[in-house]
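The structure under discussion appears below in the form of structure tokens.
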Amino acid sequence: MSTEVALPILIPLLSGVVSLLFWRQRLVQRFVAVAGTGSLLVSGLWLLSSVSEHGILVMQMGNWQAPFGISLVADLLGAIMVVMTGIIGFAVALYSLATTGRGHEAFGYFPLMHLLLAGVAGAFLTGDIFNLYVWFEVMLVASFALLILGGEKAQMEGAIKYVTLNLLSSVIFLSAVGLLYGLVGTLNMADIAQRLGQVEGNGMVDVLAVMFMVAFGIKAAAFPLFFWLPASYHTPPVAVSALFAGLLTKVGVYALFRVFTLIFNQNPDYTHEILLWGAGVTMLSGVLGATAQFEFRRILSFHIVSQIGYMILGLALFTPLAIIGGVFYIVHHIIVKTNLFLVSGFVNRLCGSYELKRLGGLYRSHPWLAVLFLIPALSLAGVPPLSGFFAKFIVIRAGIETEAYGVTFIALLVGLLTLYSMIKIWAEVFWKAPPETRKDEPEVAPIGQRELWQMYLPIVGLALCTLFIGLYGQPIYALAEASAEQLLDPTRYIEAVMGRSTGVTP
Amino acid sequence: MEPLMAVVIGILYAAAIYMMLRRSIVKLVIGLMLLSNAANLLIFTSAGLTRGAPPLVPEGLAEPLGKVADPLPQALVLTAIVIAFGVLSFAVVLIRRAYEIVKADDLDKMKDTDT
């Protein structure tokens, strides 16, 4: 029995319960937030080290054997994602100590954050497709409540779109699960993979594949159903934005990776071709949307969409190198994107605005913040030697090797346009002279020393991660390579879950 | 029984999508309710309908006699109903708050975050 598989789910659930119990004690909640996310990170690292040592770890819940009970499965991709959840959770918890106001904390910011992390970790670790749906819902309900904390007009408008499209995607997912169960009579993903090979006729399987693609595509904010993301991500408190930007869409991407390597790998000419062009158009539409924006967080939101395209491109090309690129890209993107949102929150705290037109001159007053913005921004655009360069390099090289020149060209072009957007932010926020202050602008409260450190610490930490991946990427590459190997050989996953003897018949 | 259920499910999906495409946020939520019910019925039907054969093992036997209904889809539907209930009650509260703040029940008037 390997307990480390269940710990990343239990720890945030427990922290959530504890902080609910201390509903009125603000200090205890803050302490539990840091301690809980910190131990989530530690348990994630433990899980990753033991997965890379022993191979795929499986825990049968309640000791019900594989196809009958719910299995928790940690393969390398799942473990890597859990570590990323820990890193982002910890960074955002530290950051929210300084930026989340008393009003938000009084309405349960911290318990909801823990619940969200539990949902995300559960989605990464479950080996049961209906259980995946349940974890998605846990995550979604927590995210709904976090999104409208504060109850401003823009938040309400954004939340209606967010809630509607995410519920639509959940229902499509649920319908697909129902039809899949009708087809193969099992919910365990390993068992589904095994039995789907024996199903005759590809028609129904292809329909199901496309249904899953649409459902997870909405969650991952892929073209054409990404509009909920830029309509809502810039509205909540900035720590929430950063948490969402780092983790939520990546759960959708993870689910796509899981489902389209393990279950629907019979007909890649059809399914992965759709994914390929979906990825191309996602990249292009996201980046073009960003060029038209002049609001800090909105530009970043559109860039989430375009970056999702690269990850799906890695999956769609479906060669070992491309999957490595996809996994590497996810790791790089989660860190960089969260960091950019954290910087945008810092800028807002200093100047009281997210509008690029109202900002300026920060290079003169806060040169270090400017440098800390430039590291993730250039990394996002793919400037060497930062992490984004290697991520893009691997994906694009895989594209050239499989002779998918059209999509590869889009990927290169989008890199250039990303650089344009990032330089736009740099020039407007940091470089140009500060605009003349008008009378109607709100006064910004001075920042205390402690608050300053609580904001600087996660930003510096994530920037160091980016630099580390860029300058010493070999261990991450090796990890991504090993996980790609596992993903492309589903028999290992199936054997780990079902046991060697596969003669069980219900 | 199955063809009838298929038609019912189809009508439910169609009605749900139609309601969701309308401008009023109240109708949007009605659409979401219909949608989740359609999905529940779909799970129930696609797993196969068996009449009058509860999945019970008679006393003293190791397995049930003859063909019985599959209990798993019912468990799934039950879970899905609970989740949908929670989420929908959130949605109802959300549209009420949105109506109070935006002072409109029209999606076309909620465009501030789009441009």
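Lettering of chains follows the sequences in order, A, B, ..., and the numbering in each one begins at 1.
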Task: Ile25(B) versus chain A, the contacting section by heavy-atom distance below 4.5 Å - done: side chain

Open item on the list: Within this structure, what is the CD1-CG distance for the pair Ile83(B) and Leu174(A), rounded to the nearest 0.5 Å?
Closed with: 8.0 Å

- [ ] Verify side-chain contact (heavy atoms from CB on, under 4.5 Å) between Leu140(A) and Val87(B), making sure each step is shown before the conclusion.
- [x] CA-CA 9 Å; Leu140(A) 276 185; Val87(B) 171; over 6 Å; no

TODO: Verify the neighbour count for atom NZ of Lys27(B): are there more than 12 heavy atoms of other residues, nucleotides or ligands below 6.0 Å?
DONE: no

Task: Minimum heavy-atom distance between Ala39(B) and Val171(A), given as atom pair plus value - done: CB-CG1, 3.8 Å

Open item on the list: Using heavy-atom distances under 4.5 Å, tell me whether Ser175(A) contacts chain B through its side chain, its backbone, both, or neither.
Closed with: both

Task: Met20(B) vs Thr164(A) side-chain heavy atoms within contact, under 4.5 Å - done: yes

Open item on the list: Please classify the contact of Phe144(A) with chain B as side chain, backbone, both or neither, using a heavy-atom distance under 4.5 Å.
Closed with: both

- [ ] Give, for atom OG1 of Thr79(B) and atom OH of Tyr133(A), the distance between the pair rounded to the nearest 0.5 Å.
- [x] 9.0 Å

Open item on the list: At a 4.5 Å cut-off on heavy atoms, which part of Leu35(B) comes close to chain A: side chain, backbone, both, or neither?
Closed with: both

Open item on the list: Within this structure, what is the CD-NZ distance for the pair Glu100(B) and Lys153(A), rounded to the nearest 0.5 Å?
Closed with: 14.5 Å

TODO: Flag the one option from Asn40(B), Val77(B), Leu28(B) with the top tally of heavy-atom pairs under 4.5 Å to chain A.
DONE: Leu28(B)

Task: Residue pair Ile101(B) / Gly151(A): nearest heavy atoms and the distance that separates them - done: CD1-O, 3.2 Å

Task: Residue Leu180(A) versus chain B: region with a heavy atom under 4.5 Å - done: neither

Task: Side chain proximity check, Pro73(B) to Tyr181(A), heavy atoms < 4.5 angstrom - done: yes

Open item on the list: Please classify the contact between Ile160(A) and chain B as side chain, backbone, both or neither, with a heavy-atom cut-off of under 4.5 Å.
Closed with: both

Task: CZ-CD distance between Arg97(B) and Gln155(A), expressed to the nearest 0.5 angstrom - done: 10.5 Å

- [ ] Output the distance between atom NZ (Lys161(A)) and atom CE (Met110(B)), rounded to the nearest 0.5 Å.
- [x] 8.0 Å

Task: Proximity breakdown for Tyr13(B) and chain A, heavy-atom pairs closer than 4.5 Å - done: side chain

- [ ] Quick one: closest heavy-atom pair of Phe130(A) and Ala80(B), and the distance?
- [x] CZ-N, 4.4 Å

Task: Under 4.5 Å from a heavy atom of chain A, the part of Leu76(B) involved - done: both

Open item on the list: Any non-hydrogen side-chain atom of Ile43(B) less than 4.5 Å from a side-chain atom of Val177(A)?
Closed with: no

Open item on the list: Please determine whether the number of non-hydrogen atoms from other residues, nucleotides or ligands lying under 6.0 Å from atom CD of Glu2(B) exceeds 12.
Closed with: yes

Open item on the list: With a 4.5 Å cut-off on side-chain heavy atoms, are Val163(A) and Phe90(B) touching?
Closed with: yes

- [ ] Would you mind reporting whether Leu72(B) and Leu187(A) have side-chain heavy atoms less than 4.5 Å apart?
- [x] yes

